[in-house]
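All remarks here apply to the structure that follows.
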Amino acid sequence: MTRRLISSGSPFEALAGYSRAVVDGDDIFVSGTTGYDYARMTLPEGLAEQTHACFANIAAALAEAGAGLDDVVRVRYIVAQRDYADEVFPIFGSYFATARPAATLIVAGLLQPEMKIEIEVTARRHR
């Protein structure tokens, strides 16, 4: 089995010494992902927009690994405020209606004050 690293092109990855995702056999580990547009290094202001952008970034990493959101088996959501839950739960459900992964929601401060959400997933490719 080959271990493969996937990068989003974010300068944060080289600075902090991590990869957007690591593929190890059929397992794919996607790092905590925010809603940054890595080409422009911009972050949407709104919570819903940031959440959708997180999923777009995660889906891109999974696609590069030969998988998709339906292959996600574990997800960790980190939100900056507990009152965000009512807004983001339906968004989560729209992306994971099929996969229905094991999930955890954590309320915690994020690295930058403008960050509202970060999402980390583990997926397993099905051959």
Same hydrophobic cluster for [X] and [Y], using side-chain heavy-atom links shorter than 4.5 Å among ILVMFWY?
X    : Y    : answer
Y84  : I91  : yes
Y77  : F89  : yes
V75  : L47  : yes
L105 : I119 : yes
M41  : L111 : yes

Give, for atom OG of S31 and atom CD of E118, the distance between the pair rounded to the nearest 0.5 Å. 9.0 Å

With rounding to the nearest 0.5 angstrom, report the CG to CG distance, D24 to D26. 9.5 Å

Give the other cluster members for L5, using side-chain heavy-atom distances under 4.5 Å between Ile, Leu, Val, Met, Phe, Trp and Tyr residues; answer none if it is isolated. V22

Residues in side chain to side chain donor-acceptor pair (under 3.5 Å) with [X], at least two apart?
X    : result
R4   : none
T51  : none
T104 : R74
N57  : none

Do [X] and [Y] have side chains that get closer than 4.5 Å, going by heavy atoms?
X    : Y    : answer
T34  : I117 : no
I6   : V23  : yes
Q50  : Y36  : no
V107 : Q81  : no

Taking all non-hydrogen atoms of both residues into account, name the closest pair between [X] and [Y] and its distance.
X    : Y   : value
P101 : V72 : CB-O, 3.6 Å
A123 : L62 : CB-CD2, 3.7 Å
P44  : A53 : CG-CB, 4.4 Å

Run the salt bridge (Lys or Arg N to Asp or Glu O under 4.0 Å) test against [X] and tell me which residues pass, sequence neighbours left out.
X    : result
R82  : none
R76  : E120
R100 : none
D37  : R40

Is there a side-chain contact (heavy atoms from CB on, under 4.5 Å) between T122 and D27? Walk through the geometry before answering. CA-CA 7 Å; T122 301; D27 296 319; 5.5 Å; no

Listed by chain and number, what are the side chain to side chain contact (heavy atoms under 4.5 Å, CB included) partners of A56, not counting sequence neighbours? none

One pair to check against side-chain contact (heavy atoms from CB on, under 4.5 Å): L110 and I78. What are the steps and the verdict? CA-CA 8 Å; L110 296 172; I78 302 137; 3.5 Å; yes

Should R125 and D71 count as an ion pair when the cut-off is N to O under 4.0 Å? no

Only distances under 3.5 Å count here; give the side-chain donor-acceptor pairs of residues 11-19 to other protein atoms, sequence neighbours excluded, each with its distance to 0.1 Å.
from : atom 1 : to : atom 2 : distance (Å)
E13  : OE1    : S7 : OG     : 2.7
E13  : OE1    : S8 : N      : 3.4
E13  : OE2    : S8 : N      : 3.0
E13  : OE2    : S8 : OG     : 2.5

Would you list the pairs meeting ring pair (Phe, Tyr, Trp, His ring centres under 6.0 Å) in which at least one residue belongs to residues 37-70, sequence neighbours left out? H52-Y95, F55-Y95, F55-F96

Answer yes or no: are there more than 12 heavy-atom neighbours, outside D86 itself, under 6.0 Å from its atom CG? no

